[in-house]
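Okay, structure first, notes after.
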Amino acid sequence: MLDKKYNAQEKEEKWLNYWKENKIYEFKPDQRKVFSIDTPPPTVNGKIHIGHIFSYSQTEMIARYKRLRGFNIFYPFGFDDNGLPSERLVEKEQGKKAHEIGREEFSKLCYETTDKYEAEFQELFSKMGVSTDWNIHYKTVSPSTIKISQSSFLDLINKGHCYHKESPALWCNECLTSIAQAELETKTIQTTFNYINFKTVETSEEFTIATTRPELLPAIVCVFVNPSDEVHNHLIGKTAHVPIINVEVPIMADEKVAIDKGTGVVMCCTFGDQTDIEWWKKYNLPLKYIFTDNGKIIDEVPNYGGLKIKEARKQIIEDLTDGGYVVKIKELEHEVQTHERCGKEVEYAVMNQWFIDTTSHKKDFLKIGEEIKWYPTHMRNRYDEWVNNIMWDWCISRQRYFGVPFPVWYCKTCGEPVFARVMDLPVNPLVDKPHIDSCKCGCTEFIPETDVMDTWATSSVTPLINMRYGEEENFESFLKPMSLRTNASEIIRTWDFYTIVKSFYHFGMRPWDNVMISGFAKASDGNKISKSKGNSKVEPLDIINEYSADVVRYWAGSGRLGTDINYSEETLLRGRKLVNKLWNVAKFIEMHLADYEEKEFETYEYIDKWILGKYQEMESGFIKYLDDYEVGLALNTLEKFFWNFCDNYIEIVKHRLYRLEEFGEVPRYSGQKTVYTLLYKLLQDFSIFFPFITEEIYQELYHDNKSIHLTQIDPLNFDFSNEIKNGDIMIDIISQARGEKTNNNVSLKTPIKHFELSVNEELADAINKSIKDFKATLTIQSLKMSQNDEVYKINNIELEIENQD
RNA sequence: GGGCGUUUAGCUCAGUUGGUUAGAGCAUCUGCCUUACAAGCAGAGGGUCUGCGGUUCGAGUCCGUAAACGCCCACCA
């Protein structure tokens, strides 16, 4: 017997244990077709917020749907614990910087900390009913994933897609590491536009350059004007004298100079921005690099050496002003590139870095983007746009401690890199020795690479991790490609793109068939949830405890795919209402199935045919939505049907179920069979969203399998279109009659003494076929029906109202 | 500045391929303890579908355009 009230806390725990003990979600290769899901390994950086719950739930629902459709679900969970986010977490917890702690000790702390948070993450995701097989979960710094990341690296080296080069790279002097273009975040800041007077050496003609970064004056290598700038183009070919610094640089022409920006004359420094780098490369300009790694001016620069960038800026403006070189200083609000992990402005540094070529195969990457089906389709535009606009190769080396080491040493004499052999992986060059004793040049000493790989360099190999790339026992046969990748739109340019890059280079093919992109969960104020804004006041655990995981999933599963949703108490309440209703209707149905036996049956009552037909109609839409990964729309459709089922069908059939003598055995059995069949199907459908309560009801009422989650959806195949049409009209009539009672302020059980109705022939037939149901539902004592051409018209309703004296 | 999306009831959102009177939930108001459910049931009020223009017999839906908001990117001289 189902309990009078459903206790979510207790039942959810019970079924979690049951699923675990009975290995309900275990993955084992068998004869079934595999549906594989490449789901984002969450960054283990402290806290999960409701945004995670949102997007992971939607993926999870797809896993459940596909399982119900008979697929063998390969759905491993991962944790992205390597790299800068983890390091920053540890630094924050320790209150110390990594270099103060020391490499070895720091790595140890990183492992311990990520382990701790991983356990918390796992518990929370479990609580949400994530149907993953935890036995095949992975983390991005374990020995086996390090091995795969390293062997991926070596494969790209062999194929010539990965190279080592001294080159300008984006540099964060807060995190003391190079970063990738994708890690940039734009921020608006207040600064000043400084107009500084220069002179030509040849004619001592004055001209003005406007700059936001006067501290780069010592790094100046050239001055540019636009050749079609009539005011300034006579300067081209002359030499500029740089104030204060007292150096002379050439004045050159380039079309990229915007005539209307600043004064139309630009100084080119190495490096202030990307254009500087382009010019530096294009015109083979000299390199004057004036910053240290941690954001100071190098000591070699007179007067300013040792100063921090901003101090130097202040100082140099003062000096320029004193020398009379400053024409004006204008307040300016402009946008700068910052490092997304720490928010600090980035600089450019010239050093040896490892790069993966992302710029010379754009066409191939676009072609793969075309081969993959994107859901919703417009998300592909974001991918295309990113690929088309990539300007840099992907810098994958990071001057950090915690991550996948490069399997590389360098010859001490000639600098030639020595790569580890695949058979020796995983290697840590700081500890392990290269497999050769001496370099070609004869030198026997090797210097280990100390850099580690960018975190995306590792997470971009999740399909490889999943397929156990390079292992003897692997899943390559059914994971090339994987069925589905899911993630939120913000990481299309990183995770999706990099995975495609790697898959193309390794296998020359797409990594997955389908990509499902979710939107964002936003705070209830409609803004993006972010720690810096502090607007994620809602803790996932709190709302699970308050509303149950099923109800939180309801919230997460609502809305259209790819569309942002707000955290909404209202939606949770609505979900709670729905779950509660499901429980109550199950109790009602259970009550009337005590004497039910499953047997062949054809002669359904009219109104039973109506609801079966309505279900079938809904079911085909439901399946279509889920096949398009539209979880929320599927839920919407299902919910709508369900309320109709409860409020209309159950209200009709209840009389037949209660009153055997009056209605007879066969009509009653028809009702029993209908509710038995439909509740089963409704439970299956709802199990995608509410895995817990549906299991509880299923186990109590049906129990023909170990779990509802191992059953299969078997779509109905009736032809009840006539019943659907006329049944709907009957519901309409019933609704109007109910309204009549309500408007007279009487209860719905108040009898209707006389009911006069004119209907067309078709509807008359329908009502006659369900006359007992119809009369019982409205408590009609006498019904008079006349034929008419219009569909129907209610001529008279006479209620039996007692005098209230 | 570019790309993509969003804009529908007071609030949160649905609305398949254009097709009668645009739908839910919450909130408001009015009834009803009805042999599953008062965390319920039955009703009512509430909308120039962001503005403008167009295609069409017919537009919330298609096209163009403007605005607001969101995400991503570019813009550091």
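Computed over heavy atoms, backbone and side chain alike; hydrogens, waters and symmetry mates excluded. All chains are named by letter (A, B, ...) in the order of the sequence lines, taking the proteins before the strands, and each is independently numbered beginning at 1.
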A:K793: partners by side-chain contact (heavy atoms from CB on, under 4.5 Å), with sequence neighbours left out: A:S758, A:E790, A:N795
Check nucleotides 16-20 of chain B against the protein and report each pair of N or O atoms closer than 3.5 Å, with its distance, or say if there are none.
residue, atom, partner, partner atom, Å
B:U16, O2, A:Y625, OH, 3.2
B:U16, N3, A:Y625, OH, 3.3

The side chain of A:T571 lies closest to which of these nucleotides: B:C76, B:U12, B:C41? B:U12
Quick one: the dot-bracket string of RNA chain B, using Watson-Crick and G-U wobble pairs with both distances under 3.5 Å, [ ] for crossing pairs and | for bases paired to another strand. (((((((..((((.....[...)))).(((((.......))))).....(((((..]....))))))))))))....
Please determine if a side-chain N or O atom of A:R493 lies less than 4.0 Å away from the OP1 or OP2 oxygen of B:C73. yes
Whole-Å distance between B:A44 P and A:N745 CG? 14 Å
From OH of A:Y547 across to C1' of B:A39 the rounded distance in Å is 12 Å
I want to verify a distance call: between B:A14, B:C76, B:C73, whose nearest atom is closest to the A:N636 side chain? B:A14
Using a cut-off of under 3.5 Å, enumerate the N/O to N/O pairs linking the protein to nucleotides 60-66 of chain B.
none

Which is more 5' along RNA chain B, the nucleotide nearest A:E345 or the one nearest A:S735? Just name the residue. A:S735
Counting the benzene-type ring for Trp, do A:F193 and A:Y195 have ring centres under 6.0 Å apart? yes
Just how far is it from atom OH of A:Y498 to atom CH2 of A:W456, taken to the nearest 0.5 Å? 8.5 Å
Ion pair present between A:E345 and A:K310, side-chain N to carboxylate O less than 4.0 angstrom? yes
N-O pairing of A:K281 and A:E278 below 4.0 Å: no
Do A:D254 and A:K282 sit within salt-bridge range, that is, some charged N less than 4.0 Å from a carboxylate O? yes
All N/O pairs under 3.5 Å across the protein-nucleotides 1-6 of chain B interface:
residue, atom, partner, partner atom, Å
B:C4, O2', A:H378, ND1, 3.1

Measure CZ/A:F588 against P/B:G40 and give the value in whole Å, please. 18 Å
Length of the line joining A:N743:CG and B:A44:P, which is rounded to integer Å: 7 Å
Whole angstroms only, please: what is the CD-C1' distance between A:E490 and B:C72? 10 Å
Output one line per pair: protein atom, nucleotide atom from nucleotides 25-28 of chain B, and distance, for all N/O pairs under 3.5 Å.
residue, atom, partner, partner atom, Å
B:G25, O3', A:K577, NZ, 3.4
B:G25, N2, A:E570, OE1, 3.2
B:C26, OP1, A:K577, NZ, 2.9

Residue A:D647, side-chain heavy atoms: nucleotide from B:C76, B:A42, B:C71 that is nearest: B:A42
Nearest to the side chain of A:K581, heavy atoms from C-beta on, is which of B:G40, B:G31, B:G15? B:G40
When you measure from the side chain of A:K5, which nucleotide among B:G31, B:U34, B:A39 comes out closest? B:A39
